[in-house]
Amino acid sequence: MEKIESFIIENKLKPNDKLPSERNMCTMWEFNRTTLRSAIKQLISEGKIYSKNGSGTFVSRKKLMKNLQDVEGFYETARKEDRIVLSKIISSELCETTKEIGRKMELPLGHKLLQVIRIRFLEEVPVMYETSYLDYDRFPEIDKHITETSSLYQILAKVYGLDITGGKEKLSIAYCDEKEAHYLEINEGAPVIYQSGVAVDEKGKIFEYFKSITRSEYVCFASELKRL
């Protein structure tokens, strides 16, 4: 690990620069392939480098920091940091509130919702598996506005005049299942950050329930402390 990190520093490699191939690194430092891959795996888990299937290993950028007290979505946060952020829509379909979701959104059982499942990418690396539930009666035909290049919160503000003022959320550690691991390109059972909560408008009315799992080697969450 130290050899690889020193190589990055000495050669002044920048984020997204490619590292030598495994074969070349083994030759350079007289490592066996097993030892090298173990070091690479650890550096990936720490978010210092990343791997792209069939392309090689690259230098990572610093973790994206998401302020827990900020009502902006993932898209807005990433763009402010001049990061390349992309989304892939896995599904977008109408459904009805279950007992659990109805309780969280303060809606009656059977109320019409739009469920949107997306994968969020930073520099082409999948970092978040996100599920959102929106009040479809309040935002009719919103599914026609959602694309892989649009911001959900910007759509709500510009198309429906929504003023997003806050919400409540919880963070915990979870372990991804087979489906989540597939989309995030990590091992099943890998530890991830689990986030869930609701977002509210200026009148305190809940308009969204969301849940997501995030790869901690690429995104971190922080809260600013202030003296009252």
Side-chain angles (χ1 to χ4, degrees), residues 64 66-79 85-122 126-184 186 188 192-215 219 221:
L64 177 69
K66 181 73 172 68
N67 189 344
L68 292 171
Q69 296 178 323
D70 195 340
V71 297
E72 290 183 333
F74 179 82
Y75 180 87
E76 290 84 359
T77 299
R79 292 302 297 268
V85 55
L86 301 170
S87 297
K88 179 180 180 180
I89 299 174
I90 302 303
S91 67
S92 177
E93 56 189 20
L94 296 177
C95 63
E96 295 182 348
T97 55
T98 61
K99 185 176 181 180
E100 179 184 4
I101 296 176
R103 176 174 55 82
K104 294 180 184 296
M105 297 188 70
E106 299 178 358
L107 293 173
L109 195 66
H111 190 87
K112 186 180 292 185
L113 301 174
L114 177 69
Q115 181 201 60
V116 182
I117 301 177
R118 295 178 292 175
I119 306 299
R120 319 304 295 273
F121 295 80
L122 281 178
V127 299
M128 181 182 294
Y129 182 100
E130 181 182 65
T131 304
S132 295
Y133 294 89
L134 298 163
D135 184 341
Y136 197 74
D137 286 349
R138 185 175 179 184
F139 311 115
E141 298 187 340
I142 187 173
D143 48 320
K144 296 182 179 180
H145 298 280
I146 298 174
T147 68
E148 296 188 340
T149 58
S150 63
S151 162
L152 178 58
Y153 281 9
Q154 286 182 4
I155 292 171
L156 291 171
K158 293 179 180 179
V159 179
Y160 298 92
L162 185 71
D163 185 7
I164 304 168
T165 60
K168 297 180 180 179
E169 59 187 3
K170 296 180 180 180
L171 292 179
S172 61
I173 300 298
Y175 301 92
C176 61
D177 60 24
E178 182 180 4
K179 181 179 180 180
E180 296 163 344
H182 168 73
Y183 283 113
L184 291 179
I186 55 180
E188 182 180 356
V192 288
I193 300 173
Y194 177 73
Q195 181 184 19
S196 65
V198 295
V200 301
D201 62 16
E202 74 281 2
K203 297 180 180 179
K205 184 175 177 59
I206 297 171
F207 65 86
E208 177 195 26
Y209 166 63
F210 60 87
K211 56 183 181 179
S212 64
I213 62 169
T214 303
R215 296 177 62 175
V219 182
F221 295 85

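What you see is a predicted model; the values in this text were computed from it and never measured.
- The closest side-chain heavy-atom distance from Val116 to Ile146 is below 4.5 Å.
- Inter-residue side-chain proximity for Glu148 and Leu86 is flagged as unmet; no heavy-atom pair is nearer than 4.5 Å.
- Paired with Met128 under the rule side-chain contact (heavy atoms from CB on, under 4.5 Å), one option of Leu122, Leu184, Thr214 passes, and it is Thr214.
- In this pair, Tyr129 and Tyr183 present their aromatic rings tilted. The plane angle is within the 30 to 60° band.
- Rounding to the nearest 0.5 Å gives a distance of 5.5 Å between OH of Tyr136 and CD of Glu141.
- Remark: side-chain polar atoms of Arg79 are not paired, donor with acceptor, to backbone N or O of Val85 under 3.5 angstrom.
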Name each donor-acceptor pair under 3.5 Å that joins a side chain in residues 100-111 to protein atoms two or more places apart or in another chain, with its distance.
| residue | atom | partner | partner atom | Å |
| --- | --- | --- | --- | --- |
| His111 | NE2 | Asp135 | OD1 | 2.9 |

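- Between the CD atom of Gln115 and the CG atom of Asp143 there is a distance of 12.5 Å, given to the nearest 0.5 Å.
- Between Phe74 and Val127, the closest side-chain pair of non-hydrogen atoms falls below 4.5 Å.
- Using a 4.5 Å heavy-atom cutoff, the side chains of Glu76 and Ser151 are in contact.
- Lys144 NZ to Ser92 OG: the interatomic distance, rounded to the nearest 0.5 Å, is 12.0 Å.
- When side chains are defined from C-beta on, Tyr153 counts as touching Glu208, because their heavy atoms get closer than 4.5 Å.
- Between atom CG of residue Leu134 and atom OH of residue Tyr160 there is a gap of 9.5 Å, rounded to the nearest 0.5 Å.
- Here Glu130 pairs with Arg118, Arg120 under the salt bridge (charged side-chain N to carboxylate O under 4.0 Å, His left out) rule; sequence neighbours left out.
- Glu96 contributes atom CD, which lies 8.5 Å from atom NZ of Lys112 (distance to the nearest 0.5 angstrom).
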Contacts table for residues 192-207: side-chain donor-acceptor under 3.5 angstrom, sequence neighbours left out:
| residue | atom | partner | partner atom | Å |
| --- | --- | --- | --- | --- |
| Gln195 | OE1 | Ser212 | OG | 3.4 |
| Gln195 | NE2 | Glu169 | OE1 | 2.7 |
| Asp201 | OD1 | Lys203 | N | 2.9 |
| Asp201 | OD1 | Gly204 | N | 3.1 |
| Asp201 | OD1 | Lys205 | N | 2.9 |
| Asp201 | OD2 | Arg138 | NH1 | 3.2 |
| Asp201 | OD2 | Arg138 | NH2 | 2.4 |

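- Looking at every heavy atom in both residues, Tyr75 comes nearest to Thr149 through OH-O, 4.1 Å.
- The shortest side-chain heavy-atom distance between Leu64 and Thr77 falls under the 4.5 Å cut-off.
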- Task: Output, in order, the C-alpha distance, side-chain angles, deciding distance and verdict of side chain to side chain contact (heavy atoms under 4.5 Å, CB included) for Ile142 and Ile155.
- Result: CA-CA 8 Å; Ile142 187 173; Ile155 292 171; 4.2 Å; yes

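- Here the SG atom belonging to Cys176 is positioned 5.5 Å from the CD1 atom belonging to Ile213, to the nearest 0.5 angstrom.
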